[in-house]
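Values reported hereafter were calculated over all heavy atoms of this structure, with side chains retained and with hydrogens, waters and symmetry mates removed. Letters A, B, ... are given to chains in the order of the sequence lines, protein chains preceding strands, and every chain is numbered from 1.
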Protein chains: 2
Amino acid sequence: MGATVTSRALAILGAFDGEHRSLSLTELARRAGLPLATAHRLVGELQRWGALAREPNGDYVIGRRIWQLGLLAPVQSGLRQAASPFLHDLYGTTLATVHLAVRDGLQVLYVERLAGHVSVPVVSRVGSRLPMHATGVGKVLLAYAPEEVRMEVLQNLTRITAYTVTQPARLLEQLRRVRAEGYSTTGEEMSLGACSVAVPVRSGDTVVAALGMVVPDLRRQLPRLVSALQVAAHGIGRTLTGDPSIQWK
Amino acid sequence: MGATVTSRALAILGAFDGEHRSLSLTELARRAGLPLATAHRLVGELQRWGALAREPNGDYVIGRRIWQLGLLAPVQSGLRQAASPFLHDLYGTTLATVHLAVRDGLQVLYVERLAGHVSVPVVSRVGSRLPMHATGVGKVLLAYAPEEVRMEVLQNLTRITAYTVTQPARLLEQLRRVRAEGYSTTGEEMSLGACSVAVPVRSGDTVVAALGMVVPDLRRQLPRLVSALQVAAHGIGRTLTGDPSIQWK
DNA sequence: TACTCTTCTTCCACTGAGCGGAAGGAGCAT
DNA sequence: ATGCTCCTTCCGCTCAGTGGAAGAAGAGTA
């Protein structure tokens, strides 16, 4: 066990996630896999610095300092800001839930989201991750990902709904079409009752993000949605070009 | 020098700020006050975990993982979300730059901001900190802060513009009036050409945040602005009550 | 009030993880 | 070639971090 001090401190931070926004010391220690006394000391240091804070009841939560740091991340400052006005336009003209996502390792990371009022079950949240093979934005990012990433994702196509694509050959064929046609679609592959379209966002000639939307049904309006998405994606891309702070991987 | 390993890792993260979003290893080491070799090793660990990332040119930036963690902070999840619709309303009716801020130690921390089109010099940014004695939201937060905080702030009233209040007695008198009248004002105390009004946001009977706006001139419309602010602040407070994730210090 | 169970905090002697000076690249300008 | 700056790796010494254990502080329960 190569347990460096830093990795332990990070393990503590890593114990927090969307379902665990506040944790008692004991839970924290257990989730981080650390002895109680060790966790106690590290947590104290993290708190003193402002990385963690305590709620009135004594539980620990992520502190303001981490929040401030997060605002400095390129994901936040570059991509999001460039995209924000286009997402609003897109939402204005289509009234659908709009998503901006990047690839992070083998998953899709949602960077921005505008939620629509239409009652479509949407699972994503800003800052959350989902598998690549079952989402519109995921398929786009996968289509343009390095070969090795694509191969690794294909190894493990977990079924989520009855419509999730789990056969590597079929997914590969779909990805080929994404590259050929410039957009991807899904039909209830992540959650029943939700379909999606997505297009790549390019900075120069690299795909840096994917822009997508979720709607109850695609059939009727697909061409309209695709072109609206492409206009927005192109706009974002133009804003980004020249801003070197958006990196791919 | 009590240099724990964790504090060194945190010093590295702390080297980033609004003016230094990307740093070379050498700069990072210097700003964190660490020997190069030490910084190198720590930075490597932080990067492996996702707390830092490298730009194409090799410089380090805050990583996605920190950004994700930041989204879990109570500042972000509770207060901001509760306030968001009210801030938009407020902006819609007044067209002024609107601010939501909390106290963090002896400073004001800006949690949310809607920038107006009016040409008023505004120094705040989301995630940035400013001194309490020279801003509208700061005076509100100071007025309702624990006695000891108030005393410590009074020790050190740095002059920023010619209009900054630097006499403890005068500021104390102003704070008394804030508590009596329920709002604070500033006139070019932080930057010339900018005035501000602010009101407290209460959850139950504790003041958890301050809501303010910046305008070129206050005279004419003060009562209208104050009442708009109070309506919004009240709305935010009502949304917050029952959400225990907003703590006061 | 006394007992029990859980969670948090403090202590301290042992030891191996982290330290950092120094040497070795890598890149670039002159 | 030479000098410069910045990045990466190495390795033996040592002191910071470790974690078991004991004590404190609550919160039920009887």
Within this structure, what is the [atom1]-to-[atom2] distance between [X] and [N], rounded to whole angstrom?
| X | N | atom1 | atom2 | answer |
| --- | --- | --- | --- | --- |
| N57(B) | dA26(C) | CG | C1' | 16 Å |
| L23(A) | dT7(C) | CG | P | 13 Å |
| R31(A) | dT7(C) | CZ | P | 16 Å |
| L42(A) | dG18(C) | CG | C1' | 14 Å |
| L36(B) | dG18(C) | CG | C1' | 16 Å |
| L28(A) | dT6(C) | CG | P | 20 Å |
| R30(B) | dT5(D) | CZ | P | 14 Å |

For T6(A) and D59(A), take the nucleotide of DNA chain C holding the closest heavy atom to each; which residue's nucleotide lies nearer the 5' end? D59(A)
When L25(A) and T38(B) are each assigned the nearest nucleotide of DNA chain C, the 5'-most assignment goes to L25(A)
Return whichever of A37(A) or E27(B) has its heavy-atom-nearest nucleotide of DNA chain D closer to the 5' end. E27(B)
Looking at [X], I'd like to know whether one of its side-chain N or O atoms comes within less than 4.0 Å of OP1 or OP2 on [N].
| X | N | value |
| --- | --- | --- |
| H40(A) | dC8(C) | no |
| R8(B) | dG18(C) | no |
| R41(A) | dT18(D) | yes |

Please determine if R30(A) and E27(A) form a salt bridge, counting it only when a charged side-chain N lies under 4.0 Å from a carboxylate O. no
Between R238(B) and F86(B), is NZ or CZ placed under 6.0 angstrom from the six-membered ring centre and within 45° of the ring axis? no
Could you check whether R202(B) makes a cation-pi contact with Y144(B), meaning its NZ or CZ is under 6.0 Å from the centre of the six-membered ring and within 45° of the ring axis? yes
With sugar-phosphate meaning primed atoms plus P, OP1 and OP2, does L34(B) contact a base, only sugar-phosphate, or nothing at under 4.0 Å between heavy atoms? nothing
Is there a salt bridge (Lys or Arg N to Asp or Glu O under 4.0 Å) between D59(B) and R21(B) once you walk through the steps? CA-CA 10 Å; D59(B) 282 3; R21(B) 290 160 178 256; over 6 Å; no
Verify, without hydrogens or angle tests, whether H40(B) (side chain) and T26(B) (backbone) share a donor-acceptor contact under 3.5 angstrom. no
Per atom distances to the V5(A) side chain, the nearest of dG18(C), dT9(C), dT8(D) is dG18(C)
Of the candidate nucleotides dG18(C), dC7(D), dC8(C), which contains the atom at the shortest distance from the side chain of T26(B)? dC7(D)
